[in-house]
Visitor: 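Okay, here's the structure, questions in a sec.
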Amino acid sequence: MRFRSFIFLMSLLCLPARVLAGEVTVRLQDLEQVAPGMQVATGLEIPPTDVSLPIVAATSDTQVATLLRSYDARGLSNSFEGILYDNRDRGHSRLDPKLYPRLHHLKYGDALEQKDADYGLAGMILYPAVVFGNSSTAITGGVEARSLPRLAMTSRLGRELSARLYRNNHIYIYPEHRDFDEVDRFPAHWPYHIVSQGSSGSDRPFMRAIAATLAAFPSDTLDYMKEHGLVAPTLQMILRRNLRPVNQLEHYLAGSAHRPVLNGSEVRPERMVGHAAALRPEDIPPMAQIAVIEEDFRDAAGLAQMSEKLYDTPSAVARIWRGFEGIKTLTISAENTVDPMGKPVTNTWRLLQGDPDRVRIIPVGDNGQQARISIAWHDPFDVQVTSTEGHRQIQTSRVDIGLFASSGREQSAPAILSISFPAHQIRTYGRSNTGGLRLNSINYDALGRDTYYDPVLHWSAPWTDTAIVDTSGTLTEWRRAFSGDGMVETTVPADNLFNSHELSRVNGRPALDYVQ
């Protein structure tokens, strides 16, 4: 009998101890519809953090692990309380659950999996928690192939949901997958996502760094950010303020810290963790927000009379240059940027990307509450980006202007105004009689030149239009030269240009898939 008791006791001692926080399952019945395309997981119950578990894997010997253990031992860490990780590629590129044992991982019930609610671009479900996640997927087939961030930017619902996630303490990491290689194909830039250079696996350095940074916030600081919807903007600020090339405030306010795509080699997680641990609630900057007051961009412009207004969201505005003007102007307001504690806000406007000789930004008001912006036409130009091997040049056709807000010692993540140019068109401009820029010609034949264009936003036509002006400089007609063998020329009256065209659009069959 004693022998059997001994065996039983030994079997109890050999049972595996609980070493992971485990999964939190969201089911269809947990969701409440609150808006078209938007549900809130009001029925989801998140267990309290098990502080008996290690805050970081015992086998981890990194500087980040040492810092987190120190903060945790002194009661300075929030212990991952109320934080969820959401993997949206069904384990294809997942944060290792053993790395942060206290962190709960989100799991989807069978009915939601059947609806693909667990897969691809996030935004259809809001959670009563701080959420970070990832999906190493993209649309890989058809002419509409694109990364998930570009998918969101070029769809109305995707833009709305991405902005809503950002305001509700959710942030996701997606690979750029062929949208930022030799050419920058993003029509805009925004702070709503973290976009990694590369494909599958390129998101992992960011996942690990964001998880550690979230764990490092003091509890009262994290509670303040959660209450005021400032978790995602603050994470973007910390990530970019501590990139490898960014060592001073002026570096942070420059374009090199705010490329739309980041390389994992730029991430300094130990600095991010230290930065987060030192922040008090009064240090947290407000969410930078912008709105257009006046502008030259129109609802119908260019040969196809399509809208130049891609989107207007609280922290990002995007325009597409379709019209024939050589210069366009906007007046942008930052007056929606408010500090939750009621402290005065100072606004700083910076050109993040573009030719400084072709962009003028004039702040208005003592604290830069508005900015008058004028932009001249840009042909495609090169910018320097970071790669695993060092630096490289990439061609872009977009101007980015950032608004940084401060109510204390920290500058916010920027709100971003983007203006993209139709790089698949070849335009020439000259000086008008009044000294301004006047369009001389446009070659529309992207298909004939085998030049890429985004068929969701743009089109192609097999001709070149050349402006004919009289002695006073007034446009009288267009000379239209058709491409190809036996090229034919015709003329089109200036006032009938928009009724004299047949444009080519191409359509494919987009299919969301893992990216390699």
Side-chain angles (χ1 to χ4, degrees), residues 138-151 153-155 175-188 197-199 260-261 301-306 308 310 318 320-324 353 377-383 385 387 392-399 418-429 439-467 478-490 492 497 500-513 515-516:
I139 296 178
T140 59
V143 295
E144 294 181 15
R146 65 199 57 228
S147 65
L148 295 188
R150 184 152 71 108
L151 173 65
M153 291 173 182
T154 53
S155 66
E176 53 80 25
H177 188 60
R178 301 180 183 173
D179 275 346
F180 201 78
D181 294 340
E182 290 78 19
V183 176
D184 176 1
R185 291 183 173 177
F186 289 102
Q197 178 68 55
S199 298
V261 174
L303 184 61
Q305 290 291 280
M306 297 172 66
E308 296 184 295
L310 182 58
I320 301 175
W321 195 301
R322 301 188 190 278
F324 302 144
Q353 179 170 284
W377 169 267
H378 280 58
D379 289 320
F381 56 97
D382 290 340
V383 294
V385 299
S387 68
R392 63 188 177 93
Q393 298 292 319
I394 183 171
Q395 188 178 86
T396 187
S397 300
R398 192 185 62 253
V399 167
S418 296
I419 297 94
S420 69
F421 298 83
H424 61 287
Q425 298 176 358
I426 298 177
R427 295 193 182 197
T428 61
Y429 282 88
L439 181 65
N440 287 338
S441 67
I442 306 180
N443 181 322
Y444 292 109
D445 195 7
L447 285 176
R449 288 182 275 108
D450 196 23
T451 298
Y452 175 81
Y453 66 94
D454 186 344
V456 175
L457 302 176
H458 296 294
W459 46 269
S460 177
W463 63 72
T464 297
D465 283 341
T466 301
W478 295 88
R479 179 185 299 121
R480 177 163 294 171
F482 288 84
S483 307
D485 296 336
M487 186 173 66
V488 177
E489 286 194 3
T490 186
V492 180
L497 182 66
S500 61
H501 57 267
E502 182 176 341
L503 310 179
S504 299
R505 283 182 169 277
V506 289
N507 294 297
R509 290 175 167 263
L512 191 65
D513 202 353
V515 293
Q516 300 298 332

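In this chain, residues are counted from 1 in sequence order.
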Visitor: Under 3.5 Å, is there a donor-acceptor pair between the side chain of Glu144 and the main chain of Val456?
Guide: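 No; judged by distance alone, with no hydrogens or angles, the pair does not exist.
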Visitor: Would you please classify the geometry between the Phe324 ring and the Trp478 ring as parallel, tilted or perpendicular, with 30° and 60° separating the classes?
Guide: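 Taking Phe324 first and then Trp478, their aromatic rings sit tilted (interplane angle of 30° to 60°).
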Visitor: Is the closest side-chain heavy-atom distance between Ile419 and His378 below 4.5 Å?
Guide: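 No. Closest side-chain heavy atoms not under 4.5 Å.
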Visitor: Below 30° counts as parallel, above 60° as perpendicular, anything between as tilted: where do the rings of Tyr429 and Trp377 land?
Guide: tilted
Visitor: Is the shortest side-chain heavy-atom distance between Glu176 and Asp181 below 4.5 Å?
Guide: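 Yes - at least one pair of side-chain heavy atoms lies under 4.5 Å apart.
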Visitor: To the nearest 0.5 Å, how far apart are CZ in Arg322 and CZ in Phe421?
Guide: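 Between Arg322 CZ and Phe421 CZ, I get 13.0 Å after rounding to 0.5 Å.
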Visitor: Quick one: are Asp445 and Ser460 in side-chain contact, heavy atoms under 4.5 Å?
Guide: yes
Visitor: Rounded to the nearest 0.5 Å, what separation is found between the CD atom of Glu182 and the CG atom of Asp382?
Guide: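 Atom-to-atom, Glu182:CD and Asp382:CG are 12.0 Å apart.
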Visitor: Please identify which of these residues, Arg449, His424, Arg427, meets the side-chain hydrogen bond (donor to acceptor under 3.5 Å, both in side chains) condition with Asn443.
Guide: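 Option passing the side-chain hydrogen bond (donor to acceptor under 3.5 Å, both in side chains) with Asn443: Arg449.
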Visitor: Hey, what's the ring geometry for Phe180 with Phe186, parallel, tilted or perpendicular (30° and 60° as the breaks)?
Guide: tilted
Visitor: Check whether any side-chain N or O of Asp179 sits under 3.5 Å from a backbone N or O of Ser147 as a donor-acceptor pair, and report yes or no.
Guide: yes
Visitor: Treating Ser418 as the side-chain partner and Ala318 as the backbone partner, does any N or O pair qualify as donor plus acceptor under 3.5 Å?
Guide: no
Visitor: Does any non-hydrogen side-chain atom of Leu310 lie less than 4.5 Å from one of Leu457?
Guide: yes
